[in-house]
Structure formats: structure tokens, C-alpha cells
Number of protein chains: 2
Amino acid sequence: MSRSESRYHHGDLASALEAAADSLLAERGAASLSLREVARRAGVSHNAPYHHFADRHALLQRLGVRHMTRLVEAQRAAGERETDARAAFVAMGAAYVGYAHEHPHGFAVIFDPEVCVPGETGPQMTTLIAENEALIGAAIARVAPELGEQEIEAAVVGAWGAAHGLAQLVAAGHVPIDAVRPAFEAYLAMGATLTRTP
Amino acid sequence: MSRSESRYHHGDLASALEAAADSLLAERGAASLSLREVARRAGVSHNAPYHHFADRHALLQRLGVRHMTRLVEAQRAAGERETDARAAFVAMGAAYVGYAHEHPHGFAVIFDPEVCVPGETGPQMTTLIAENEALIGAAIARVAPELGEQEIEAAVVGAWGAAHGLAQLVAAGHVPIDAVRPAFEAYLAMGATLTRTP
DNA sequence: GGTACGATCTTGCGCATGTCAAGATCCGAG
DNA sequence: CTCGGATCTTGACATGCGCAAGATCGTACC
């Protein structure tokens, strides 16, 4: 009897649980995601998950890592699809916002302070965050090669913040997705205005 | 016997509950805020809140309105404290981020899609959101008087997004508060670079 | 091949919470 | 003074989290 048919020892319950939870996350938010429902959807008893995740928190963190991985990958792909430096930078921002728009609950769980606290989420998330910043930093360095390391670091936080804010507002429904690109351009022009010495 | 001494009819339980919940929100996040604990802290039975709030959701929405009011007010005050248009714009952004830094859980509840959905949160929140956008719009119009209505509208979303993203990242602990101002300036300079015709 | 061990999964439990229902208490209008 | 309605209380039920103890399975070891 193969493992997948034997319903006692599932075989790869951890992945199945993650998948089940992720599909739940496509419908509802993390707050209304119960471990028991995940277990039900995976077809196991309400306590089976505890042999793979310390608690509800741990499963949500795992989902956070999952989505952060995809978010970083989406940015990377969008950036590599463009040859022009500026186009790549803009495309990465759009990818960031786009991911949040398509997976609002998944995106939310990445940055939910109740779930993923910077220092306490484990090395995987730390690595992913660093990767994300490196990705943005490289894109900025391509656009503005004259910048020093310090300046790039600051610009990374600024760009990340801008993309993140629009993503959050779009995901929450405060801003329609179509308004993002004009807003982005307008804000950049605004920057040009603000930094122009009077 | 005055109402405040009579412990049966509280007198102003709605406000007391809001205050209790708000003080809880200063410590923990909204997810771990239970109606029963709020009731305990207010010194009433676990079911008293239901005579003032339809459910847990309604109380959280009320807290969202409360904090959005303060957030808008903080921005307004910061803007009015400056005479220079650019300084006012920057100060408002700093106030936005500062509020999120000082009241991370309160700030989170404003924009929590599980709590405050744009269309369904009631007229008060709608008004506050509009007020917020008007405030930002006025600040932008002061900085760049040459902009048309459409352009300002787009710039509002862009500026709001930038401030919101930095606020979120600071509140979540991904970015230290000291990094905000340099990031803001760097991002604006970045905008100047990006919009400069090659 | 048989067996003991550990990993995996199950059932059952205590406790906390959200929400409904019914009763107790108090205020104020008439 | 009485009665209605608002306010608050106790009680109950369903659900969820996480612990504990038992059942089942794979496998390393003899």
C-alpha cells in the first residue's frame, strides 16, 4: 500500500497542511484561519498539525515565508524581463504591488507583526528580506550608478516603502490597482519638484 | 446615588469600553484583543459590550475610527506648524510615520482589511479618509501650484502610499525610525533621477 | 523473519472566546 | 406610582487552541 493511500501515516502532511492553509488564505484572511479547519481540509484529525508545526503561529510564519519567496521571485522575474534600467525598476515596483493585489491575504501575512516579527521569524525570512533589499538595491544602482553605498541603502528603504505602501493600500481596497502607475509617476515627478533647489 | 457610583448602570459604558480596548491596543495587537478581556478591564460582565457594539468587529471598527481621527489630526497639526510649503509636506509625512511608530497596533487596526473595509466601515471612516486625502492634496498643491486636479489626485495617492509604506515598515520593525527621513529624501532624489529625461 | 522503538496520527480533555437567550435591575415618561 | 425599555447579569452552546494519553505504522536492529 503506497503512502499516499494509507490514510494513517500521511507521508507528507507538512506540505499538505501548508497547501491547505495557503488555499484557505486565498479566500479568507489569516485571522480567521483556524488550525482545525486546515486539518479538516487536509483530511486529518484536529491535532495532527502539532506534529509538524509547534502551533498556529508557526504555520502562519511558514506561510509568510512561502509568500515572501514568491514575492521576491515575482520581482526578480519582472526586473529580468526588462532590459532598460528604469523600466526594470518600475516593473519591479509594479510586480510588488501586483502580488499584493492578487494575493492580499498572503501578502498581509508576510508583514503581519502578529506573525512575522523581524528578529523572531527564523533565518529563512531574514534571508528573504535581505534578498529583497539586495534586489531593489541592484535595480537602483543600475538606474543611478553615481550613488554611493550609503545613498543606495537609503534609497532602497525609500523605494521599498513606496512600493509597500501602494501595495498595502491596493490590497486593502483604498486605492484601485489602475491608480498605481499614475500615482507612482506623479510621486516621482513630485520628487523632482521637491528636490529642485528653489 | 450618582451614575458613576452605581455599578449596575454604568452610565457611559460605550466610552469606557472604547477606552479599555484602546489601552489594551497599546500593549497587544488587535488579533489578541478579546471582548471578554475588554469587559473585564471595564469592570462589567462579559456580555455587557453587546448592548453597545454589535460584535467584536464593531468595536474594532470604532477603534479604527478613533485612531484615524488622531492620525489625521497629527498630520494637520504637523502641517500647520510649518510655514514653508515643502517643510509642511515633509512634516506631514513624518507625522504619519511617527504615529504608526508610536501606536503600531492602533495604526494597524485602521488599515486592517479584516476590520476596516473601505466601503463597509461607515460614513465616519469614509469622511476621515477623504479628509486625509484632502489634507495631503492641499499640501501638494502648496508645493506644486502648477499641477492640475488630476495630477494632484495622482500625486496624493503616490505620497500617501510612500508615507504609508514607510509607516508600515517602521511599525512592523523592518525599518528603524531613524532611517525614515534619509529614505524619504533619497527616494525623492531618486524621483528626480527617474523623471529626468535622458 | 521477528521485535522493540520512535514517529505519526487519533481521541479526549480543559480552558478561553464569541455570541445567543433569558432573567434581573434601574431610569424615566406618563 | 407604575410600567416600558434600556442596561446589565448569569447561563448556555459552539468553536478554537493546545496538552495528554493511547493507537497505529515504518523501520532499524537482532
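Hydrogens, waters and symmetry mates are skipped; everything else that's a heavy atom, side chains included, is used. Every chain is numbered from 1, with letters handed out A, B, ... down the list of sequences.
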Of A/H57 and B/A48, the one whose closest DNA chain D nucleotide lies more 5': B/A48
Pairs involving residues 109-130 of chain B, ordered by first then second residue, that meet salt bridge (Lys or Arg N to Asp or Glu O under 4.0 Å) (sequence neighbours left out): none
Positions of residues 49-56 of chain A (non-hydrogen atom under 4.0 Å from DNA chain D), listed by number: A/Y50, A/D55, A/R56
Quick one: which protein N/O atoms are closer than 3.5 Å to N/O atoms of nucleotides 13-16 of chain C? Pair and distance per line, please.
none

Euclidean distance, atom CD of residue A/E37 to atom P of D/dA14 [Å, nearest integer]: 18 Å
Salt bridge (Lys or Arg N to Asp or Glu O under 4.0 Å) pairs, two or more places apart, involving residues 19-29 of chain A: A/D22-A/R66, A/D22-A/R70, A/E27-A/R41, A/R28-A/E37
Listed once per pair and sorted, the ring pair (Phe, Tyr, Trp, His ring centres under 6.0 Å) pairs that draw on residues 119-142 of chain A, sequence neighbours left out: none
Residues in side chain to side chain contact (heavy atoms under 4.5 Å, CB included) contact with A/Q168, at least two apart in sequence or another chain: A/F107, A/H164, B/H164, B/Q168
Rounded distance (nearest 0.5 Å) linking atom CG of A/L166 with atom OH of A/Y187: 10.0 Å
Contacts of B/H103 that satisfy ring pair (Phe, Tyr, Trp, His ring centres under 6.0 Å) - sequence neighbours left out: B/Y99
Atom pair distance, as rounded to whole Å: CG in A/L59 and P in D/dG18: 11 Å
Within residues 169-195 of chain A or reaching into it, pairs that qualify as salt bridge (Lys or Arg N to Asp or Glu O under 4.0 Å) - sequence neighbours excluded: none
Sequence neighbours excluded, every pair satisfying salt bridge (Lys or Arg N to Asp or Glu O under 4.0 Å) that has a member inside residues 131-155 of chain B: B/R76-B/E131
Atom-pair distance (CG on B/L17; P on C/dG18), nearest Å: 13 Å
